[in-house]
Amino acid sequence: MKYLLTLSLVLFLSGAASAQFGLNATYRSNAAPDWQFVHFFEEEALLPASAIAIGLDYWIPLKAVRIDLLPELNFSRMSNSLDSRANTQFDNTWLSLFLNTNIYFLNLEGDCDCPTFSKSGGLLEKGLFLQLSPGATWMRNQVEAEGQSLDSDEMAFSIAAGLGLDFGLSDLLTITPFAGLRYYLPARWDSLELLQENGGIKETYLKSEESSIRQIYAGLRVGVRLQ
(Lines give C-alpha, C1' and ligand atoms only; values in the text may rest on other atoms or scores of the structure.)
Protein backbone atom coordinates (compact mmCIF):
# COMPACT_ATOMS: atom_id res chain seq x y z
CA MET A 1 0.00 0.00 0.00
CA LYS A 2 2.82 2.45 0.84
CA TYR A 3 4.11 2.30 -2.75
CA LEU A 4 0.63 3.10 -4.10
CA LEU A 5 0.32 6.10 -1.79
CA THR A 6 3.84 7.34 -2.59
CA LEU A 7 3.26 7.17 -6.35
CA SER A 8 -0.08 8.91 -5.99
CA LEU A 9 1.39 11.78 -3.97
CA VAL A 10 4.17 12.27 -6.52
CA LEU A 11 1.63 12.45 -9.36
CA PHE A 12 -0.63 14.95 -7.63
CA LEU A 13 1.91 17.21 -5.95
CA SER A 14 4.64 17.52 -8.58
CA GLY A 15 2.60 19.33 -11.26
CA ALA A 16 2.77 22.91 -12.41
CA ALA A 17 0.25 25.51 -11.28
CA SER A 18 -1.27 25.64 -14.77
CA ALA A 19 -2.54 22.07 -14.49
CA GLN A 20 -6.17 21.02 -14.26
CA PHE A 21 -7.38 18.96 -11.32
CA GLY A 22 -10.58 16.97 -11.35
CA LEU A 23 -12.92 15.70 -8.65
CA ASN A 24 -15.38 12.96 -9.55
CA ALA A 25 -18.09 10.88 -7.94
CA THR A 26 -19.14 7.51 -9.39
CA TYR A 27 -21.78 4.93 -8.65
CA ARG A 28 -20.16 1.49 -8.86
CA SER A 29 -21.98 -1.85 -9.05
CA ASN A 30 -19.99 -5.06 -8.53
CA ALA A 31 -20.38 -8.65 -9.71
CA ALA A 32 -18.00 -11.37 -8.45
CA PRO A 33 -19.08 -14.80 -9.82
CA ASP A 34 -17.04 -16.94 -7.42
CA TRP A 35 -17.56 -15.06 -4.15
CA GLN A 36 -20.71 -17.01 -3.32
CA PHE A 37 -22.08 -18.58 -0.14
CA VAL A 38 -24.07 -21.74 -0.91
CA HIS A 39 -26.86 -22.34 1.60
CA PHE A 40 -29.04 -25.42 0.99
CA PHE A 41 -28.14 -25.34 -2.73
CA GLU A 42 -29.05 -21.64 -3.09
CA GLU A 43 -26.20 -19.31 -3.97
CA GLU A 44 -26.00 -15.94 -2.23
CA ALA A 45 -23.54 -13.32 -3.50
CA LEU A 46 -20.83 -12.13 -1.13
CA LEU A 47 -20.32 -8.97 -3.11
CA PRO A 48 -18.67 -5.75 -2.17
CA ALA A 49 -21.89 -3.75 -2.13
CA SER A 50 -22.70 -1.06 -4.67
CA ALA A 51 -21.35 2.25 -3.49
CA ILE A 52 -20.44 5.83 -4.31
CA ALA A 53 -16.71 6.27 -4.95
CA ILE A 54 -14.79 9.56 -4.85
CA GLY A 55 -11.82 10.27 -7.13
CA LEU A 56 -9.21 13.01 -7.50
CA ASP A 57 -7.27 13.27 -10.77
CA TYR A 58 -4.56 15.39 -12.38
CA TRP A 59 -4.76 16.44 -16.05
CA ILE A 60 -1.67 15.85 -18.24
CA PRO A 61 -2.39 16.66 -21.94
CA LEU A 62 -0.08 15.29 -24.62
CA LYS A 63 1.27 17.92 -27.00
CA ALA A 64 1.09 16.22 -30.41
CA VAL A 65 -2.39 14.65 -30.29
CA ARG A 66 -5.58 14.96 -28.26
CA ILE A 67 -4.80 12.22 -25.80
CA ASP A 68 -5.00 13.25 -22.14
CA LEU A 69 -3.54 11.39 -19.19
CA LEU A 70 -5.46 11.69 -15.93
CA PRO A 71 -3.89 9.65 -13.12
CA GLU A 72 -6.55 9.29 -10.44
CA LEU A 73 -6.61 8.41 -6.75
CA ASN A 74 -9.98 6.79 -5.97
CA PHE A 75 -11.59 5.82 -2.65
CA SER A 76 -14.66 3.72 -1.92
CA ARG A 77 -16.14 2.05 1.16
CA MET A 78 -18.85 -0.59 1.01
CA SER A 79 -20.91 -2.60 3.53
CA ASN A 80 -23.08 -5.65 3.00
CA SER A 81 -24.70 -8.47 4.97
CA LEU A 82 -25.70 -12.09 4.42
CA ASP A 83 -29.45 -12.74 4.46
CA SER A 84 -29.17 -16.48 5.12
CA ARG A 85 -26.81 -16.15 8.06
CA ALA A 86 -27.54 -13.88 11.01
CA ASN A 87 -24.94 -11.48 12.41
CA THR A 88 -22.74 -11.65 9.31
CA GLN A 89 -21.31 -8.36 8.03
CA PHE A 90 -18.91 -7.46 5.21
CA ASP A 91 -16.99 -4.17 5.10
CA ASN A 92 -14.76 -3.29 2.15
CA THR A 93 -12.42 -0.30 1.91
CA TRP A 94 -10.73 0.12 -1.48
CA LEU A 95 -8.02 2.64 -2.39
CA SER A 96 -7.16 2.68 -6.09
CA LEU A 97 -4.74 4.28 -8.50
CA PHE A 98 -6.29 4.50 -11.98
CA LEU A 99 -4.11 5.57 -14.93
CA ASN A 100 -6.89 7.07 -17.05
CA THR A 101 -6.15 7.79 -20.70
CA ASN A 102 -8.75 9.87 -22.60
CA ILE A 103 -8.62 9.53 -26.40
CA TYR A 104 -10.59 12.18 -28.33
CA PHE A 105 -11.01 9.99 -31.39
CA LEU A 106 -13.17 12.49 -33.32
CA ASN A 107 -10.64 15.30 -32.90
CA LEU A 108 -7.22 13.67 -32.50
CA GLU A 109 -5.25 16.48 -34.11
CA GLY A 110 -7.11 19.28 -32.33
CA ASP A 111 -6.40 22.94 -33.05
CA CYS A 112 -4.78 24.28 -29.86
CA ASP A 113 -3.10 23.29 -26.61
CA CYS A 114 -6.08 24.45 -24.55
CA PRO A 115 -9.08 23.14 -22.58
CA THR A 116 -12.18 21.81 -24.36
CA PHE A 117 -14.02 25.14 -24.05
CA SER A 118 -11.59 26.99 -26.38
CA LYS A 119 -11.27 24.28 -29.02
CA SER A 120 -13.17 24.63 -32.29
CA GLY A 121 -15.83 22.17 -33.44
CA GLY A 122 -19.16 20.85 -32.21
CA LEU A 123 -19.87 19.36 -28.81
CA LEU A 124 -19.36 15.73 -29.83
CA GLU A 125 -16.36 16.42 -32.04
CA LYS A 126 -14.34 18.22 -29.41
CA GLY A 127 -15.78 16.66 -26.25
CA LEU A 128 -16.41 12.94 -26.82
CA PHE A 129 -13.63 10.59 -25.71
CA LEU A 130 -12.82 6.93 -25.20
CA GLN A 131 -11.24 6.25 -21.82
CA LEU A 132 -8.86 3.34 -21.18
CA SER A 133 -7.85 2.87 -17.57
CA PRO A 134 -5.50 0.27 -16.08
CA GLY A 135 -5.54 0.27 -12.30
CA ALA A 136 -4.19 -1.12 -9.05
CA THR A 137 -6.41 -1.39 -5.98
CA TRP A 138 -5.49 -1.98 -2.37
CA MET A 139 -8.42 -3.83 -0.79
CA ARG A 140 -9.01 -4.03 2.94
CA ASN A 141 -11.82 -6.55 3.37
CA GLN A 142 -13.38 -7.36 6.74
CA VAL A 143 -15.76 -10.16 7.67
CA GLU A 144 -17.69 -10.38 10.95
CA ALA A 145 -19.36 -13.74 11.63
CA GLU A 146 -20.07 -16.02 14.57
CA GLY A 147 -18.95 -13.33 16.98
CA GLN A 148 -15.54 -13.08 15.32
CA SER A 149 -13.91 -10.52 13.06
CA LEU A 150 -11.18 -11.07 10.47
CA ASP A 151 -9.43 -8.56 8.19
CA SER A 152 -7.41 -9.22 5.05
CA ASP A 153 -5.37 -6.95 2.78
CA GLU A 154 -5.18 -7.69 -0.94
CA MET A 155 -3.76 -6.00 -4.04
CA ALA A 156 -5.87 -6.36 -7.19
CA PHE A 157 -5.17 -5.22 -10.75
CA SER A 158 -7.79 -4.11 -13.25
CA ILE A 159 -8.51 -2.61 -16.65
CA ALA A 160 -11.45 -0.41 -17.65
CA ALA A 161 -12.96 1.05 -20.81
CA GLY A 162 -15.65 3.70 -21.09
CA LEU A 163 -16.94 6.83 -22.77
CA GLY A 164 -17.16 10.40 -21.55
CA LEU A 165 -18.24 13.79 -22.85
CA ASP A 166 -16.63 17.11 -21.85
CA PHE A 167 -18.88 20.15 -21.42
CA GLY A 168 -16.49 23.11 -21.33
CA LEU A 169 -18.25 25.85 -19.36
CA SER A 170 -15.13 28.05 -19.53
CA ASP A 171 -11.37 27.66 -19.74
CA LEU A 172 -11.42 27.29 -15.97
CA LEU A 173 -14.30 24.80 -15.55
CA THR A 174 -15.24 21.55 -17.34
CA ILE A 175 -18.10 19.17 -16.48
CA THR A 176 -17.80 15.58 -17.70
CA PRO A 177 -20.35 12.76 -17.38
CA PHE A 178 -18.84 9.33 -18.04
CA ALA A 179 -19.59 5.61 -17.78
CA GLY A 180 -17.78 2.33 -18.33
CA LEU A 181 -16.91 -1.20 -17.28
CA ARG A 182 -13.94 -2.22 -15.12
CA TYR A 183 -12.65 -5.80 -14.96
CA TYR A 184 -10.56 -6.95 -12.00
CA LEU A 185 -8.25 -9.92 -12.43
CA PRO A 186 -8.95 -12.74 -9.94
CA ALA A 187 -8.40 -11.41 -6.42
CA ARG A 188 -8.38 -13.19 -3.07
CA TRP A 189 -10.58 -12.34 -0.08
CA ASP A 190 -8.87 -14.40 2.60
CA SER A 191 -11.05 -13.22 5.49
CA LEU A 192 -13.98 -15.11 3.94
CA GLU A 193 -12.54 -18.18 5.64
CA LEU A 194 -14.73 -17.23 8.62
CA LEU A 195 -17.68 -18.53 6.58
CA GLN A 196 -16.21 -21.99 6.12
CA GLU A 197 -18.20 -24.70 7.87
CA ASN A 198 -16.30 -26.95 10.31
CA GLY A 199 -18.34 -30.09 10.75
CA GLY A 200 -21.54 -28.16 10.09
CA ILE A 201 -24.27 -28.64 7.51
CA LYS A 202 -22.88 -30.30 4.39
CA GLU A 203 -25.03 -28.23 2.04
CA THR A 204 -23.67 -24.94 3.43
CA TYR A 205 -20.26 -23.83 2.20
CA LEU A 206 -18.17 -21.06 0.68
CA LYS A 207 -17.74 -21.40 -3.07
CA SER A 208 -14.33 -19.73 -3.33
CA GLU A 209 -12.06 -17.15 -1.68
CA GLU A 210 -10.85 -16.00 -5.12
CA SER A 211 -12.87 -14.34 -7.85
CA SER A 212 -12.67 -11.94 -10.74
CA ILE A 213 -14.81 -8.80 -10.40
CA ARG A 214 -16.84 -6.97 -13.02
CA GLN A 215 -17.72 -3.42 -12.09
CA ILE A 216 -20.16 -1.19 -13.96
CA TYR A 217 -19.80 2.49 -13.15
CA ALA A 218 -21.22 5.89 -14.08
CA GLY A 219 -20.28 9.26 -12.72
CA LEU A 220 -19.64 12.96 -13.06
CA ARG A 221 -16.30 14.79 -13.05
CA VAL A 222 -15.72 18.48 -12.33
CA GLY A 223 -12.41 19.75 -13.76
CA VAL A 224 -10.86 23.00 -12.57
CA ARG A 225 -7.96 24.69 -14.36
CA LEU A 226 -5.81 26.71 -11.96
CA GLN A 227 -4.48 29.13 -14.57
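The model shown is predicted, which means the values in this text are computed figures rather than measured ones.
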Side chains of Gln89 and Ser79: does their closest heavy-atom pair fall under 4.5 Å? yes

Begin with the C-alpha distance, continue with both residues' side-chain angles, and end with the deciding distance and a verdict on side chain to side chain contact (heavy atoms under 4.5 Å, CB included) for Glu154 and Trp94. CA-CA 10 Å; Glu154 330 290 346; Trp94 292 4; over 6 Å; no

Can you check whether Asp166 reaches Leu128 side chain to side chain, under 4.5 Å on heavy atoms? no

Can you check side chain to side chain contact (heavy atoms under 4.5 Å, CB included) on Leu62 and Leu69, steps first, answer last? CA-CA 8 Å; Leu62 300 185; Leu69 307 180; 4.2 Å; yes

Any side-chain donor paired with an acceptor under 3.5 Å for Asn100 and Ser133? yes

Tell me which pairs pass salt bridge (charged side-chain N to carboxylate O under 4.0 Å, His left out) where either residue lies in residues 130-144, with sequence neighbours left out. Arg140-Asp151, Arg140-Asp153

Side chains of Tyr183 and Ser212 in contact at under 4.5 Å (non-hydrogen atoms): yes

Flag the pair Ile103 / Leu132 as yes when at least one side-chain heavy-atom distance between them is below 4.5 Å, and no otherwise. yes

Interatomic spacing from OH in Tyr58 to CG in Leu70 - rounded to 0.5 Å: 10.5 Å

May I ask you to test the Thr101-Ile67 pair for a side-chain heavy-atom distance under 4.5 Å? yes

Is Phe37 close to Thr88 at the side-chain level, that is, under 4.5 Å between some pair of heavy atoms? no

If you measure from CD on Glu193 to CG on Leu150, what distance do you get to the nearest 0.5 Å? 5.0 Å

Is any side-chain N of the basic residue among Arg221 and Asp57 closer than 4.0 Å to the acidic one's carboxylate O? yes

Which value, rounded to the nearest 0.5 Å, describes the distance between Leu97 atom CG and Phe157 atom CZ? 10.5 Å

Can Arg182 be said to sit on top of Phe98's aromatic six-ring, NZ or CZ under 6.0 Å from centre and within 45° of the ring axis? yes

Ile216 atom CD1: more than 12 heavy-atom contacts under 6.0 Å: no

Leu220 and Asn24, any side-chain heavy atoms less than 4.5 Å apart: no

Following the transitive rule for hydrophobic clusters with a side-chain heavy-atom cut-off under 4.5 Å over Ile, Leu, Val, Met, Phe, Trp and Tyr, establish whether Leu163 and Leu165 coincide in one cluster. yes

Give the intermediate values and the outcome of side chain to side chain contact (heavy atoms under 4.5 Å, CB included) for residues Phe129 and Asp68. CA-CA 10 Å; Phe129 62 84; Asp68 294 348; over 6 Å; no

How long is the gap from CD on Gln20 to CD1 on Ile60, to the nearest 0.5 Å? 12.0 Å

If you compare all heavy atoms of Tyr217 against all heavy atoms of Ala160, which two are closest, and at what distance to 0.1 Å? OH-CB, 3.8 Å

Asn30 vs Met78, side chain to side chain contact (heavy atoms under 4.5 Å, CB included): CA-CA, chis, key distance, verdict: CA-CA 11 Å; Asn30 300 296; Met78 299 151 281; 3.7 Å; yes

Under the criterion side chain to side chain donor-acceptor pair (under 3.5 Å), which of Ser76, Ser158, Ser96 is the partner of Thr137? Ser96

Closest approach of Ser191 to Ser152 (non-hydrogen atoms, all atoms of both residues): OG-OG, 3.1 Å

Measuring from Leu95:CG to Trp138:CH2, what's the distance to the nearest 0.5 Å? 7.0 Å

Would you call the rings of Trp35 and Trp189 parallel, tilted or perpendicular, taking 30° and 60° as the class edges? perpendicular

Keeping to residues at least two apart or across chains, list the salt bridge (charged side-chain N to carboxylate O under 4.0 Å, His left out) pairs with something in residues 209-220. Arg188-Glu209

Drop me the distance from Ile54's CD1 to Arg77's CZ, to the nearest 0.5 angstrom. 14.5 Å

Any donor-acceptor N or O pair under 3.5 Å, side chains Gln142, Asn92: no

Do side-chain atoms of Arg66 reach the backbone of Lys126 as a donor and acceptor pair under 3.5 angstrom? yes

With the side chain counted from C-beta on, respond yes when Trp59 and Arg225 share a heavy-atom pair under 4.5 Å apart, and no when they do not. yes

